[in-house]
Amino acid sequence: MKYRAIKGVQDILPPDVYLWQEVESTARQVFAPFGYREIRTPVMEFTEVFTRGIGETTDIVEKEMYTFNDRAGRSMTLRPEGTAPVVRAYVENHLYSLPSPQKYYYIGPMFRYERPQKGRFRQFHQIGVETFGEEDPRMDAEVLDMLRCFFERVGVDNLRFEVNSIGCDECRPIYRRALIDFLTGQIDSLCSDCKRRYEVNPLRVLDCKVKGCGEIKKKAPGITDYLCSGCREHFDALRGYLELLKIPFRVNPEMVRGLDYYTRTTFEVTSEFLGARSAVAAGGRYDKLIEEFGGPAVPGIGFAIGVERLAALIKDRHGIREPVPTVYFAAIGDEAEKAAYKLASEMRTKGIRVELDYSGASLKSRFRKADRLKATYVFIFGEDELSRGTVRYKRLSDGEQGEINKDDVMQFFG
RNA sequence: GUGAGCGUAGCUCAAUGGUUAGAGCACUGGACUGUGGCUCCAGCGGUUGUGGGUUCGAGUCCCAUCGCUCACCCCA
């Protein structure tokens with residue numbers, strides 16, 4: 001084979017593409033009543049948008065970005081996530097001068113240079129939302145409510161909603177200190193990865209799946225006990241509203257997010273059917289990020305849904321609905337084929353899906369093909385019908401046949 | 001970046017180191033000349049990922065390489 005797709009990217013072909021269309025249109029339908037409007041940002045940004053936004057020491061920035069110099073020597077990066085670009089657009093276009101809160105959603109490809117595996121690709125797609133200008137915990141709950149609604153509409157259940165609060169600039173450093181102090185005493189018992197995490201990002205130790213570390217984790221101080229009064233009240237209120245909205249959730253004090261910009265609320269939606277990495281959606285609050293981008297002190301919250309992972313779940317649950325042809329046109333003979341060609345054009349113009357072939361194959365093989373295409377009707381159109389000015393039809397589901405006047409074809413489809 | 005597994009027909013897979021690498025599905029045609037699905041028959045389809053090596057003989061064993069998959073790190 002001469003050419004092949006790049007590692008970790010993939011073609012989205014029919015029938016899968018119909019699933020994607022369904023997912024995307026459901027997202028639009030679900031988000032609209034919550035007041036979300038679409039925003040489209042470029043797939044490429046100046047590299048600083050991500051290094052500053054996501055954090056210099058995160059894995060994404062350190063080893064996963066598609067970064068290159070353009071012809072003028074400026075460093076550009078294919079977006080590895082959606083929040084930083086949307087925040088950049090929000091600040092650059094002064095969207096904060098519009099009435100708060102401003103709510104946006106986006107749908108599109110992201111790029112990360114990673115080893116592909118189940119549910120992980122180098123080009124993958126996210127449906128994300130970002131809300132600017134509201135710090136009330138009711139907004140956090142609302143965003144989760146919208147997620148719940150989306151998954152319900154798209155027909156995926158058995159999901160776990162996990163929430164946590166990782167505090168703010170005030171309380172997180174204090175907790176971090178306490179955790180480090182604790183881990184320092186246990187360092188010899190930690191797994192090798194966790195020894196590295198201890199240096200780089202101690203909170204990640206909480207995320208470790210190794211058994212030995214789990215034992216240590218149980219005794220470790222929890223973030224929940226270190227939240228400042230503001231963060232504690234916010235988190236308590238959020239849980240209250242989630243209960244009010246009857247959103248089933250679990251508090252997971254060990255959940256740590258990989259991006260630096262999160263404050264207070266973080267959450268993940270996971271499924272046990274997704275293999276090693278089970279998150280199908282994740283997000284959180286980022287109250288300092290807009291300032292970081294040179295904007296006003298405006299809080300934000302958002303999430304992203306992994307479309308590939310979601311599509312895999314839906315495919316498992318209920319497969320794919322693919323549109324089928326209404327009519328398979330089998331014309332026999334030069335004159336009839338010519339007339340059928342014309343009639344098919346008229347029908348298509350009216351929105352009826354018509355398949356006709358130019359192969360001149362036997363009627364039998366055309367029926368076979370019509371059957372394979374799952375056409376609703378076969379139209380038979382030969383010398384006899386041509387001279388009578390009619391079309392013979394056969395409904396494939398039950399074999400019912402009849403003959404209709406050529407001029408009544410449109411009526412036939414009512 | 002690290003580790004493991006797997007590469008044979010379009011797809012799913014067979015083939016003790018030994019004839020001309022097979023089967024099912026799919027595709028094309030026929031039985032049925034203007035009527036699909038079911039059945040039967042036939043046909044089409046291969047550089048066994050690639051390159052070396054061992055051997056009288058390699059799809060099979062060895063080495064390298066490329067690719068895919070899964071897992072780790074990390075992430076949607």
Side-chain angles (χ1 to χ4, degrees), chain A residues 1 4-8 10 23 54-55 57-65 79-83 106-129 147 191-197 200-201 204 207-210 255-259 267-271 274-284 302-313 328 330-333 336 359 361-386 392-401 403:
Chain A
M1 227 171 309
R4 53 190 321 134
I6 293 163
K7 184 203 284 284
Q10 56 186 352
V23 164
I54 302 170
T57 60
T58 57
D59 268 48
I60 290 182
V61 168
E62 279 184 346
K63 53 182 211 195
E64 292 179 359
M65 295 206 304
R79 63 181 182 197
E81 59 101 49
T83 299
Y106 57 85
I107 298 175
M110 306 293 161
F111 304 85
R112 291 183 201 172
Y113 194 87
E114 309 178 85
R115 280 278 267 273
Q117 63 188 64
K118 191 180 175 77
R120 163 194 282 177
F121 310 94
R122 289 187 170 179
Q123 177 177 338
F124 61 103
H125 297 75
Q126 289 187 335
I127 298 174
V129 318
L147 249 186
C191 72
S192 56
D193 278 332
C194 280
K195 284 180 180 133
R196 189 177 50 77
R197 293 187 180 107
V200 179
N201 187 348
R204 289 229 151 274
D207 227 12
C208 184
K209 300 175 201 81
V210 175
M255 186 174 66
V256 179
R257 316 267 43 249
L259 286 65
F267 53 89
E268 253 180 33
V269 183
T270 60
S271 167
L274 281 175
R277 189 58 193 191
S278 55
V280 65
F303 64 74
I305 300 162
V307 181
E308 282 81 358
R309 293 177 184 183
L310 175 62
L313 285 178
Y328 188 88
I332 304 142
S359 69
S362 70
L363 195 61
K364 171 199 290 298
S365 74
R366 294 191 198 195
F367 262 89
R368 256 205 293 269
K369 187 173 272 182
D371 190 61
R372 280 205 322 269
L373 294 174
K374 298 189 171 66
T376 312
Y377 293 98
V378 174
F379 273 21
I380 303 122
F381 195 55
E383 300 289 318
D384 301 347
E385 289 81 7
L386 185 64
R392 171 161 281 275
Y393 70 85
K394 179 172 184 176
R395 188 161 56 203
L396 290 182
S397 57
D398 58 5
E400 190 204 280
Q401 292 198 50
E403 205 160 322

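Computation of the quantities below employed the complete heavy-atom set of this structure, encompassing side-chain atoms and omitting hydrogens, waters and symmetry-equivalent molecules.
Counting any heavy atom pair closer than 4.0 Å across all strands shown, A:Val280 reaches sugar-phosphate atoms only and no base atom. At the heavy-atom level, A:Phe303 lies nowhere under 4.0 Å from the strands shown. Looking at heavy-atom distances under 4.0 Å, A:Arg115 makes contact with a base. A:Arg122 comes within contact range of no nucleotide atom at all, as no heavy-atom separation falls under 4.0 Å. Within 4.0 Å of A:Gly128, counting heavy atoms only, lies no atom of the nucleic acid at all. As judged by a 4.0 angstrom heavy-atom cut-off over every strand, A:Asp371 is placed among the base-contacting residues. Among the heavy atoms of the strands lying under 4.0 Å from A:Ser365 are primed sugar atoms or P, OP1, OP2 only; no base atom is included. A:Glu383 comes within 4.0 angstrom of a nucleotide base, judged by non-hydrogen atoms across all strands. The residue A:Ala282 sits close only to the backbone: its heavy atoms come under 4.0 Å of sugar-phosphate atoms, none of a base. Among the heavy atoms of the strands, none lies under 4.0 Å from A:Arg366.
For the C1' atoms, the distance from B:U8 to B:G45 is 14 Å, rounded to whole Å. On the C1' atoms, B:G46 is 15 Å away from B:G7, given to the nearest whole Å. Nucleotides B:G17 and B:G59 place their P atoms 13 Å apart, quoted to the nearest Å. Comparing B:G36 with B:U47, their C1' atoms are spaced 39 Å from each other, to the whole Å. Nucleotides B:C11 and B:A26 have their P atoms positioned 15 Å apart, rounded to a whole Å. Comparing the P positions of B:C61 and B:C68 gives a spacing of 23 Å, expressed to the nearest Å. Distance noted for atom C1' between B:C32 and B:G24: 26 Å (whole Å). Between B:U65 and B:C72, the two P atoms lie 26 Å apart (nearest whole Å).
Interface remark: the A:Lys63 side chain does form a donor-acceptor pair with the B:C73 base, using a distance-only criterion of under 3.5 Å. At a cut-off of 3.5 angstrom, counting only N and O atoms as typed in the model, there is a donor on one side and an acceptor on the other between the side-chain of A:Lys394 and the base of B:U35. With hydrogens and angles ignored, a donor-acceptor pair under 3.5 angstrom links the side chain of A:Glu114 to the base of B:A76. Residue A:Lys118 places no side-chain atom within donor-acceptor reach of the base of B:C70, judged by atom type and a 3.5 Å distance cut-off alone. With hydrogens and angles ignored, a donor-acceptor pair under 3.5 angstrom links the side chain of A:Glu385 to the base of B:G34.
When all heavy atoms of A:Glu114 and A:Phe121 are compared, the pair lying nearest together is OE2-O, 4.3 Å. Of all heavy-atom pairs between A:Glu383 and A:Gly333, the closest is OE2-CA, 4.4 Å. Here the shortest heavy-atom pairing between A:Tyr106 and A:Met110 reads CE1-CE, 3.7 Å.
Phosphate proximity of B:G67 to A:Lys7: absent, as no side-chain N or O sits under 4.0 Å from OP1 or OP2. Taking side-chain N and O atoms only, A:Arg368 has no distance below 4.0 Å to OP1 or OP2 of B:U28. For A:Arg4, no side-chain nitrogen or oxygen approaches OP1 or OP2 of B:C66 to under 4.0 Å.
Residue whose closest nucleotide on RNA chain B sits further toward the 5' end, between A:Lys364 and A:Ala281: A:Lys364.
Two residues are said to be in side-chain contact when any heavy atoms from C-beta on lie closer than 4.5 Å; A:Arg122 and A:Ile6 fail this criterion. Proximity of A:Thr57 to A:Glu62: side-chain heavy atoms (C-beta onward) are separated by under 4.5 Å at one or more points. Counting heavy atoms from C-beta on, the side chains of A:Leu363 and A:Phe367 come closer than 4.5 Å. Side-chain contact between A:Glu400 and A:Tyr393 is present, with at least one heavy-atom pair separated by less than 4.5 Å.
A 3.5 Å limit on both hydrogen-bonding distances identifies B:G67 as the Watson-Crick or G-U partner of B:C6.
Residue A:Asp384 has its side chain nearest to B:G34 when only B:U28, B:G34, B:C73 are considered. Comparing B:G37, B:C70, B:G34 by their closest approach to the side chain of A:Gln117 singles out B:C70.
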